[in-house]
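A short worksheet on the structure shown next.
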Amino acid sequence: MSPDDQRKLDQLCVNTIRLLAVDMVEAARSGHPGLPLGAAPLAFVLWTRFLRHNPENPAWPNRDRFILSAGHGSALLYALLHLSGYDLPLAALRDFRQWDSLTPGHPEYGLTPGVEATSGPLGQGFTMGVGMALAETFLAQRFNRPGYDLIDHYTYALVSDGDLMEGISSEAASLAGTLGLGKIVYLYDDNGISIEGSTDLAFTEDVSLRFQAYGWQVIRVADGNDLDALAKAITNARGEKEKPSLIMVKTNLGYGSPKQDSAACHGEPLGREATNKTKEFFGWPPEADFHVPDEVWERFRQVREKGRAAQEQWQNLFSAYKAIHQADAETFDRWRRGDPPDGWTEALPFFDPGTAPLATRSASGRVLNALAEHLPNLIGGSADLAPSNKTYLEGYPALGQGRAGGRNIHFGVREHAMGAMVNGLALHGGVIPYGGTFLVFSDYMRPAIRLAALMKTRSIFVFTHDSIGVGEDGPTHQPVEHLAALRAIPGLTVIRPADANETVAAWRVALQNQGPTALILTRQNLPVLDAGGLNLFESVARGAYVLADCKGQPDVILIATGSEVHLALAARRRLAVEGVTTWIVSMPSWELFAAQPVDYREQVLPARVKARLAIEAGVSMGWRRWTGDLGGTVSVDRFGVSAPGERIFKEFGFTPENVAARAKEILAAAKAAVK
């Protein structure tokens, strides 16, 4: 094929992508046609000339990752996936944004083949890509050998003006530059239009200088329709090994449509008349919806063949690698599957009830370090709070370019980026990622936690300093509503252990969980419970259990989590003196308990016992589910104060005397109601 014919074919492919996207949006009467019309050329060049992927095996481990961070432009991605041969038929494109469709309004990981991350909340995809690139760095350092680059791939993303406005992108870009993640190549769709109009209304900064200051290579492409210039820019970006790269591509939102360069084509269909004029501009049959010329199918068949050949080449490399490095190859396969080594649970520590009181954050740190040798793909860190969160793996260097053996991630004071990067690490696969901060700062990273639950990533979030027990730092640092807020996220497992051994069991649950886990840990020391021979691994995994019972039916059930379990035990002793019998239920996880069979839940919280008191140093919201209408709470339905923690607990009613008194009140009210 002559160069001129090749250019014509490439342009035909670009226009096919554009108009498939327009047709999807028109069919749905909903969506964002502007981005696909403007960004189709850069996406086409990346996908056909550079992106190493195999549509027949979307999970191939050494594939390049592509994230559509500007997830509102999902029709662009679906057109590319369909044409490239992923398992996404034309019927799915026609079903764009409809019930039970494979083509939702924003890309969803685990639903649509080839989608690497759930994106749409702007900045999240940008930052998850940084996590993916960090995973690639770690795995390459661990497994690559001279002549055998087993892990050697790039992380690409298409990012928008909106992505770069979001603060999370600034956090992630700063860290990516600091870590020297040279395998990141981001294409910036610089169209200068946002929903409200020109970006000049709110975004006039010099993006190039900003990213250069972060330590990125910045490359400009003046015309987003110049395919050769785009290819040259990506080639140059790939050649920079020490810095991430941002390619600033000047595009036109809604290119070729009557609404070009206006906010009117950002987030609504063009309309039939404008759609026909757009097709006329590109030389397309006006009434030919979802039209794909035969030459385009043939061009994208080459993409599939190239992807198949790339994976076969890698498989041959892996076979040769395995012949020489068999143990490493087997470890790589196990890490990729997410399987822990045999006997890893035997490394978990046990704390004798006679040992000195220990904060659950400290117990968590001991668990991490006990497991570090047995789970060598366990990596993570803290948002500049590792000494307080106890998240540091002793004896291992920081993870980054040129730091072989690094496993500690210094996220800096960047909670939101940390959360999304942990998700990116988990999405990449091959690693067990965690990130830590104070519970009160979970607010800063809530969007990332929510996406972890939506994607079902195996992300572990370590939250310490879990209550008003933080003390003198005052209400700004004392979490009150945060447990309720985390429990409100569907699919997130929240565990608040009561002592060191419950903490060990909580980590065991987190490491075996098929979704995200939030561990809620104390700053203050707590006694090690005498569990009376109970199997705490099993008990904590079931979410709640009877820690202390009595003969026959109890008068009242005290339900508590975390540090308040010890308070419940102290109140039980006072109540016993007054002839009131109790059960103490430790409930480290609402979610795990709710998932248990009805008969087990009845064993722990028998329906016949109406007098129930929940004790937790947080808001009372949600506790009625477990206490019933006749039950009550000892809780914190206001902000805290600055004072020593013990004084605050006392003033807020977290004393054995007050708990016992509240229990008797509830018991009396329950008896009166039954009569």
Side-chain angles (χ1 to χ4, degrees), residues 61 65 127-144 150-151 153 155 172 175-176 178-181 183-184 328 331-341 344 347-348 364-387 389-412 414-415 417-437 445 448 452 457-464 507-508 510-513 516-519:
R65 271 64 169 178
T127 309
M128 285 187 279
V130 176
M132 291 180 185
L134 191 57
E136 192 271 347
T137 295
F138 171 76
L139 294 170
Q141 290 174 351
R142 169 61 181 83
F143 290 106
N144 288 358
L150 197 63
I151 300 298
H153 60 77
T155 300
L175 185 55
T178 299
L179 296 176
L181 299 178
K183 291 292 190 68
I184 289 176
D328 286 336
T331 298
F332 175 78
D333 276 337
R334 188 176 70 250
W335 287 13
R336 184 166 57 89
R337 292 192 305 268
D339 297 337
W344 70 274
L348 291 167
S364 171
R366 294 191 190 182
V367 173
L368 277 171
N369 280 281
L371 290 174
E373 180 181 352
H374 301 272
L375 296 176
N377 58 337
L378 180 66
I379 63 174
S382 172
D384 199 47
L385 289 170
N389 297 151
K390 309 300 182 186
T391 51
Y392 193 79
L393 300 180
E394 301 293 341
Y396 298 94
L399 176 56
Q401 287 281 46
R403 299 170 182 164
R407 293 172 63 181
N408 287 294
I409 305 173
H410 295 275
F411 291 101
R414 303 183 181 97
E415 292 88 356
M418 177 181 69
M421 284 180 62
V422 167
N423 292 342
L425 287 157
L427 287 167
H428 182 281
V431 297
I432 305 170
Y434 65 89
T437 187
M445 53 193 289
T457 56
R458 297 174 72 177
S459 305
I460 301 175
F461 304 110
V462 180
F463 297 121
T464 69
W507 264 106
R508 184 174 184 265
L511 290 165
Q512 294 177 324
N513 195 6
T517 306
L519 300 177

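We count residues from 1, following the sequence as given.
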Would a 4.5 Å heavy-atom cut-off, applied to side chains only, mark [X] and [Y] as touching?
X	Y	value
F332	P61	yes
T155	E136	no
P516	I460	no
T437	M418	yes
W344	R508	yes

To the nearest 0.5 Å, tell me how far [X] [atom1] sits from [Y] [atom2].
X	Y	atom1	atom2	value
E415	D384	CD	CG	9.0 Å
I409	I379	CD1	CD1	4.5 Å
L393	L378	CG	CG	6.0 Å
L375	L511	CG	CG	6.0 Å
N513	T457	CG	OG1	10.0 Å

Kindly give the heavy-atom pair with the smallest separation between [X] and [Y], and that separation in Å.
X	Y	result
L175	H410	CD1-O, 3.7 Å
A417	T127	O-CG2, 3.5 Å
I184	A176	CD1-CB, 4.1 Å
R414	A383	N-CB, 4.2 Å
G429	L139	O-CD1, 3.6 Å
H374	A347	CD2-CB, 3.2 Å

side-chain contact (heavy atoms from CB on, under 4.5 Å) between K183 and M132, intermediate numbers included: CA-CA 10 Å; K183 291 292 190 68; M132 291 180 185; over 6 Å; no
Test side-chain contact (heavy atoms from CB on, under 4.5 Å) applied to I432 and L371, L425, N377, the passing residue: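 Single side-chain contact (heavy atoms from CB on, under 4.5 Å) partner of I432 among L371, L425, N377: N377.
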side-chain contact (heavy atoms from CB on, under 4.5 Å) between F411 and V422, worked out: CA-CA 10 Å; F411 291 101; V422 167; 4.2 Å; yes
Parallel, tilted or perpendicular: ring planes of W507 versus Y434, cut at 30 and 60 degrees: perpendicular
Parallel, tilted or perpendicular: ring planes of F143 versus W335, cut at 30 and 60 degrees: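 Because their plane-to-plane angle is over 60°, the rings of F143 and W335 count as perpendicular.
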Short side-chain to backbone donor-acceptor contact, N408 and Y396, under 3.5 Å: yes
Check: G400 main-chain N/O paired with Q141 side-chain donor or acceptor under 3.5 Å: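 Answer holds: yes.
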Derivation of the side-chain contact (heavy atoms from CB on, under 4.5 Å) call for R458 and T517: CA-CA 8 Å; R458 297 174 72 177; T517 306; over 6 Å; no
Residue pair M421, M128: steps toward the side-chain contact (heavy atoms from CB on, under 4.5 Å) verdict: CA-CA 5 Å; M421 284 180 62; M128 285 187 279; over 6 Å; no
Electrostatic pair R142:D328 at N-O distance under 4.0 angstrom: yes
Q512 atom CD, neighbour heavy-atom count above 12 within 6.0 Å: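 Yes, because the 6.0 Å sphere around CD of Q512 holds more than 12 heavy atoms from other groups.
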